[in-house]
Amino acid sequence: MNILILGGGGREHALAWAVLQNPKCDRLIVAPGNAGIAGIAETATLDIADGGAVTEFAGENAVDLVVIGPEAPLAAGVADACRAAGIAVFGPDRAAAMVETSKSFTKELCDAAHAPTARYARFEAAGPAKDHVRARGAPIVVKADGLAAGKGVVVAESAAEACAAIDDIFAGQFGAAGAAVVIEEMMTGEEASFFVLVDGEELLPIGTAQDHKRLGEGDTGPNTGGMGAYSPAPIMDAAVTERALERIVRPCMAELARRGTPYSGVLYVGLMIEDGEPRLVEFNARFGDPECQCLMIRLGAQALDLMQACAEGRLADARVNWADDHAMCVVMAAEGYPGAYRKGAEIRGLERLVASSGQVVFHAGTAFENGALVAAGGRVLGITARGDDLKQARERAYAMVDAVDWPGGVCRRDIGWRALR
Ligand code: AMP
Ligand code: GLY
């Protein structure tokens, strides 16, 4: 079969790598891809947020399955366009992707489904939002309602910090995403991500992970897109997983179906777990990055069968074959990230790290310049390894990190610390 993956980050490199393990894949095109993806698949230039352009390209290239990596094409209705054109697509329609594109949509969905989450209020003006903050007191969480590339959340330690965040949002820091704010009670506990394939009301859990959003070791410093991840997340034991599925995922997905906007694709369930009780932090309508890198190295070839079954509405017959393995992804970023960072520095040594079922260097922000591989983004490489236990996965991943010759590259040395302490 011919497959088109949309996106060009580490997540999409991992999806491409897994799809290529499966002999069913005859031809793989990734748009736009990146320098690492170009080493294993065809890449194409395409406006991936334009449904018409995507369906036309898919038609011309006899594509049997479109896999949507990032949230922007979902928010733009690219999955809707594919379905309307009769092309199988992995990713939810725009209406169902609102679980990610609007925080207040998800809070209201949780209310309707009686799913446990932080209490909240939504405001369209700064004055009443600040009154609410002063009445509630800190700590308190302030969020831009819309898509803000993971940057629209402030966990405020004081009312003044929360009010400043409200002012920033209404001043347009996040553009249209900040037309409203959601203010939430602060939850405490340990976070984990849970990945569930959904086709309408059929659910298939495919793995758990924990990422490290903070830049600094010990989970300190500014938030990033994610500096590393590991899978599985030990806190997601059978009981917590069952509770998350039955109290949060199933009722919310049933409510979407009841409203006539069923969800189809992977649901990223961000949870806060305290005393064995999971509460919802957020849904995302896609795989996490870098969590996806860990999931894909563990799932391998079956990832394609699972995504295809989901896209074709055959999830009820699909099964996941679990190996008792662990994976870790360590992100190497350009010095300065998530602030201003340097582009164009050469990266050497990757030829020593031959990809196998146990280790892969996934590229996130790389490019070729005059024949040399150079850093071309904030998060640049996702060094990913598998092991019989997490300790072994970590040893392998950091041995690979140490083999990379890139003086301007930085990474956290403590990925997995919570699980390994
Ligand atoms: P979100 O984009 O909603 O996932 O928020 C980003 C991060 O902010 C989450 O991963 C949490 O670490 C934190 N966060 C968001 N909402 C809450 C909350 N209600 N209580 C505590 N932490 C939160
Ligand atoms: N790693 C967090 C995310 O993809 O949203």
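Ligands are counted one by one from 1 in listed order, and the atoms in each one are counted from 1 as well.
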Q) Is a side-chain donor or acceptor of Arg396 paired with a backbone partner of Arg386 at a separation under 3.5 angstrom? A) yes
Q: Answer yes or no: is there a side-chain heavy-atom contact under 4.5 Å between Glu282 and Val153?
A: no
Q: Would you mind checking if Arg94 and Asp80 are paired as a salt bridge, meaning a charged N to carboxylate O distance below 4.0 Å?
A: no
Q) How about Val374 and Lys343: do any of their side-chain heavy atoms sit closer than 4.5 Å? A) no
Q) Between Phe195 and Tyr268, does the ring centroid distance fall short of 6.0 Å? A) yes
Q.
Give the atom numbers and elements of ligand 2 that come within less than 4.0 Å of a heavy atom of Gly288.
A. 4 (O)
Q. Tell me, which protein residue and heavy-atom name are nearest atom 2 (C) of ligand 2, and how many Å apart are they?
A. Asp211 OD2, 3.3 Å
Q | Per-atom contacts of ligand 2 with Asn284, taking only distances under 4.0 Å to non-hydrogen atoms | A | 5 (O)
Q. Going by the atom numbers of ligand 1, which of them fall below 4.0 Å from some non-hydrogen atom of Met272?
A. 21 (C), 22 (N)
Q: Quick one: look at Glu184 and ligand 1, take heavy-atom pairs under 4.0 Å, and tell me if it's side chain, backbone, both or neither.
A: side chain
Q. Any ion pair linking Asp305 and Arg314 (charged N to carboxylate O, less than 4.0 Å)?
A. no
Q) Considering only heavy atoms, which of Lys143, Lys103, Glu282 lies nearest to atom 15 (C) of ligand 1? A) Lys143
Q: Could you tell me whether Gly225 and ligand 2 have an N or O pair separated by under 3.5 Å?
A: yes
**Q.** Ala118 neighbourhood, listing ligand 1 atoms whose heavy-atom distance to it stays under 4.0 Å
**A.** 19 (N)
**Q.** atom 3 (C) of ligand 2: the protein heavy-atom neighbour that sits closest, reported with distance to 0.1 Å
**A.** Arg286 NH1, 3.7 Å
Q: Salt-bridge test for Glu184 and Lys103: reply yes if a basic N is under 4.0 Å from a carboxylate O, no otherwise.
A: no
(Q) Within the 4.0 Å heavy-atom shell around Met186, which atoms of ligand 1 are there? (A) 20 (N), 21 (C)
Q) Do any nitrogen or oxygen atoms of Glu282 lie less than 3.5 angstrom from nitrogen or oxygen atoms of ligand 2? A) no
Q | Ala309 versus Ala318, closest heavy-atom pair with distance | A | CB-CB, 4.0 Å
Q. If hydrogens are left out, which of Thr188, Ile183, Val281 has an atom nearest to atom 14 (N) of ligand 1, that is, the closest non-hydrogen atom?
A. Val281
Q: With heavy atoms under 4.0 Å as the rule, classify the contact between Glu185 and ligand 1 as side chain, backbone, both or neither.
A: backbone
Q.
One thing to verify: whether Glu274 and Arg279 come together as a salt bridge, which I'm taking to mean a side-chain N less than 4.0 angstrom from a carboxylate O.
A. no
Q. Considering only heavy atoms from C-beta outward, does the side chain of Glu108 approach that of Arg122 to under 4.5 Å?
A. no
**Q.** Test item, Tyr268 contacting ligand 2 (heavy atom, 4.0 angstrom)
**A.** yes
Q.
If we only consider heavy atoms of Gly226, is any one of them less than 4.0 Å away from an atom in ligand 2?
A. no
